[in-house]
Q: 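Before we start, here is the structure in question, set down as structure tokens.
Each ligand, and each atom within it, is numbered from 1 in the order the structure gives.
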Amino acid sequence: MQWIEIMGGRPLQGTIRPAAAKNSVLPLLAATLLCDGPCRLTDVPRLRDVDTSLALLHAVGGRAWRCGKDIQTRPVITLNGEIPPELAGAMRGSVFYLAPLLYRVGRVSMPLPGGCHLGPRPVDIHLAGLAAMGAQVEEQKDRILLRRSGSLHAADFTLRLPSVGATLTLMMAACLAAGTTVLRGVACEPEIEDTAMFLNACGGCITGAGTPVLIIRGQQQLWGASHTALPDRIAAATYAAGAAVAGGTVCIQHCRPAHFESFWQMLRNAGCEVEVQRDAVTVTRDPAKGLRGGMELYTAAYPELATDTAPLAAAVLLGAHGPSVIRDGLFQNRFACADGFARMGADVVRKGRALGIAGDARLHGAEVEAPDLRGGAALVVAALAADGKVRVRDEGHIRRGYAHLAADFDALGADCRETWAK
Ligand code: EPU
């Protein structure tokens with residue numbers, strides 16, 4: 001069991017560079033199975049979800065290994081389509097293997113994917129899109145079976161909502177399907193554009209990434225490519241939220257500030273100074289001055305405020321002056337971290353998908369539990385302002401998305417460390 005211990009009350013100062021985005025690396029790793037040539041993903045962080053994805057790739061017969069900071073893959077002729085339950089259940093990213101294995105093996109058996117318990121996370125859009133391309137889909141009680149006879153074919157398919165995962169699944173499938181596929185109502189998140197760039201570098205023909213309509217001309221074959229995934233915008237937001245909560249100045253370098261304009265706006269409205277450059281952002285909050293609350297925030301699909309930043313925004317607003325409310329438009333259980341906030345002395349109320357925050361909280365030391373990845377990070381961020389020691393108990397959620405969150409904040413001047421105990 002991992003614990004993160006934080007003695008709050010120290011302002012942050014310094015520069016930090018976010019790692020490559022987990023939510024790009026996971027589809028990229030799966031997409032390497034589509035390729036008939038070697039691939040290299042550079043500067044891949046040592047995250048638990050990346051390790052799980054590598055284990056899954058090995059379990060189906062793929063070849064991939066870490067080479068210093070990179071991951072190198074080699075094409076394999078014979079793969080199997082049986083995804084082991086413990087790997088499927090360990091992360092949502094297991095769903096990215098559906099399309100590549102269906103293409104390679106012709107038959108996939110996948111137990112339902114796991115991931116953070118954010119509420120129901122169906123895969124109906126992935127399956128409906130694959131069926132429109134000619135896959136036979138069988139949903140059993142606890143697993144999905146996919147088959148194809150012959151190649152998949154192009155389709156004109158409208159997603160019933162802009163699911164990030166389903167957009168990635170269908171984009172991967174369409175790259176090697178016969179004909180030109182049109183996908184409408186797709187997600188526009190930067191991770192889609194990043195994966196499309198990789199697939200195009202491998203010989204794919206995808207246009208429209210970053211817009212609601214993707215046009216994909218199916219190819220006979222994809223070769224390999226070398227690719228650096230885009231910087232993690234949620235990790236960048238986590239460091240920025242830390243600066244807002246603790247006070248001080250943090251410069252986040254080599255990030256893409258344009259990818260999270262709504263989060264910067266929230267910090268500015270709260271009274272932080274946010275200086276945006278082309279590939280860096282500096283967040284300053286005078287420790288002698290308080291933050292302003294009184295906000296009503298909504299999360300929605302990109303480019304709106306990202307659902308993954310909702311718990312971080314909440315951590316910023318706990319001690320801000322005036323009541324705020326955050327509604328999550330994507331997941332029913334985004335605010336499981338509310339219990340931890342309350343244990344630290346915050347006055348918060350969960351109502352359906354919304355979190356009400358009374359504001360003006362004086363947080364104190366407590367022992368809390370990370371309920372999920374972003375909720376766990378938000379507890380660490382909130383603790384930076386607590387008077388006394390906060391211990392965040394984590395059974396591994398935080399490490400799924402941050403390689404060394406405690407060390408990152410410690411390097412920025414917080415008193416923050418990771419310990420291991422039963
Ligand atoms: N949905 C369906 N049917 C589907 C697919 C999605 O109803 O077939 C619903 C979901 O239940 C949810 C909404 O659509 O209510 C959005 O889900 P989406 O498919 O967009 O999310 P995802 O692909 O499951 C990814 C990230 C999440 C991030 C969301 C939204 C990965 C591995 N996960 O999930 O990241 O919150 O997009 O941006 O890429 C995280 O990193 O902690 C995390 C949860």
Q: If we only count N/O pairs under 3.5 Å, is Phe331 in contact with ligand 1?
A: no

Q: Quick test: of every protein heavy atom, which one is nearest to atom 36 (O) of ligand 1, and how far off is it to 0.1 Å?
A: Asp308 OD1, 2.8 Å

Q: Ion pair present between Asp328 and Arg353, side-chain N to carboxylate O less than 4.0 angstrom?
A: no

Q: According to the ring-ring contact (aromatic ring centres under 6.0 Å, His included) rule, which pairs have a member within residues 189-213, sequence neighbours left out?
A: Phe198-His227

Q: Check for me whether Arg160 has a heavy atom closer than 4.0 Å to any atom of ligand 1.
A: yes

Q: How close does the nearest protein non-hydrogen atom get to atom 19 (O) of ligand 1, and which residue and atom is it?
A: Ser163 OG, 2.6 Å

Q: With atoms numbered from 1 as shown, which atoms in ligand 1 lie under 4.0 angstrom from a non-hydrogen atom of Lys22?
A: 40 (C), 41 (O)

Q: Is Thr307 close to ligand 1, meaning an N/O of one under 3.5 Å from an N/O of the other?
A: no

Q: Is the number of heavy atoms from other residues, nucleotides or ligands under 6.0 Å of His404 NE2 greater than 12?
A: no

Q: Taking Glu296 first and then Arg327, would you say they form a salt bridge - that is, a charged N and a carboxylate O separated by under 4.0 Å?
A: yes

Q: Under 4.0 Å, counting heavy atoms only: does Pro122 come that close to any atom of ligand 1?
A: yes

Q: If the threshold is 4.0 Å, N to carboxylate O, is there a salt bridge linking Asp415 and Lys389?
A: no

Q: Tell me: protein heavy atom nearest atom 25 (C) of ligand 1, and distance?
A: Val164 CB, 4.2 Å

Q: Just which atoms of ligand 1 are under 4.0 Å from any heavy atom in Arg92?
A: 5 (C), 24 (O)

Q: Does the residue Leu118 have a heavy-atom contact with ligand 1, meaning some pair of atoms that are separated by less than 4.0 Å?
A: yes

Q: To check your reading of the model: name the closest protein heavy atom to atom 23 (O) of ligand 1, its residue, and the distance in Å.
A: Gly165 N, 2.9 Å

Q: Are Lys22 and Glu191 ion-paired here, with the side-chain N under 4.0 Å from a carboxylate O?
A: no

Q: How close does the nearest protein non-hydrogen atom get to atom 22 (P) of ligand 1, and which residue and atom is it?
A: Arg121 NH2, 3.8 Å

Q: When you measure from atom 42 (O) of ligand 1 to every protein heavy atom, which one gives the shortest distance, and what is it?
A: Arg374 NE, 3.2 Å

Q: Would you call Asp51-Arg399 a salt bridge at under 4.0 Å N-O?
A: no

Q: State whether Asp308 and Arg334 are salt-bridged, where the test is any N-O pair (Lys NZ or Arg NE/NH1/NH2 against Asp/Glu carboxylate O) under 4.0 Å.
A: yes

Q: Under 3.5 Å between any N/O of Ile125 and any N/O of ligand 1: does that happen in this structure?
A: yes

Q: Could you tell me whether Asp49 and Arg92 make a salt bridge, using a distance below 4.0 angstrom between a side-chain N and a carboxylate O?
A: no

Q: By number and element, which atoms of ligand 1 are closer than 4.0 Å to a non-hydrogen atom of His126?
A: 8 (O)

Q: Are any of the side-chain nitrogens in Arg393 or Glu367 under 4.0 Å away from the carboxylate oxygens of its partner?
A: no

Q: For Leu161, is at least one N or O under 3.5 Å away from an N or O on ligand 1?
A: no

Q: Tell me: protein heavy atom nearest atom 32 (C) of ligand 1, and distance?
A: Asn23 OD1, 3.5 Å

Q: Give yes or no for whether the N/O distance cutoff of 3.5 Å, strictly under, is met between Leu373 and ligand 1.
A: no

Q: So which protein heavy atom does atom 15 (O) of ligand 1 come closest to, and at what separation?
A: Leu330 O, 2.6 Å

Q: Yes or no on side-chain contact (heavy atoms from CB on, under 4.5 Å) for Leu57 and Leu33, after CA distance, side-chain angles and deciding distance?
A: CA-CA 8 Å; Leu57 203 138; Leu33 288 184; 4.3 Å; yes

Q: Closer than 4.0 angstrom: is that true for some heavy atom of Arg334 and an atom of ligand 1?
A: yes

Q: Please list all pairs meeting salt bridge (charged side-chain N to carboxylate O under 4.0 Å, His left out) that have one or both residues in residues 161-181, counting only residues at least two apart or in different chains.
A: none

Q: Does the N or O separation between Pro120 and ligand 1 drop below 3.5 Å for any pair?
A: yes

Q: Could Arg400 and Asp394 be called an ion pair, given the rule that one side-chain N must be under 4.0 Å from one carboxylate O?
A: no

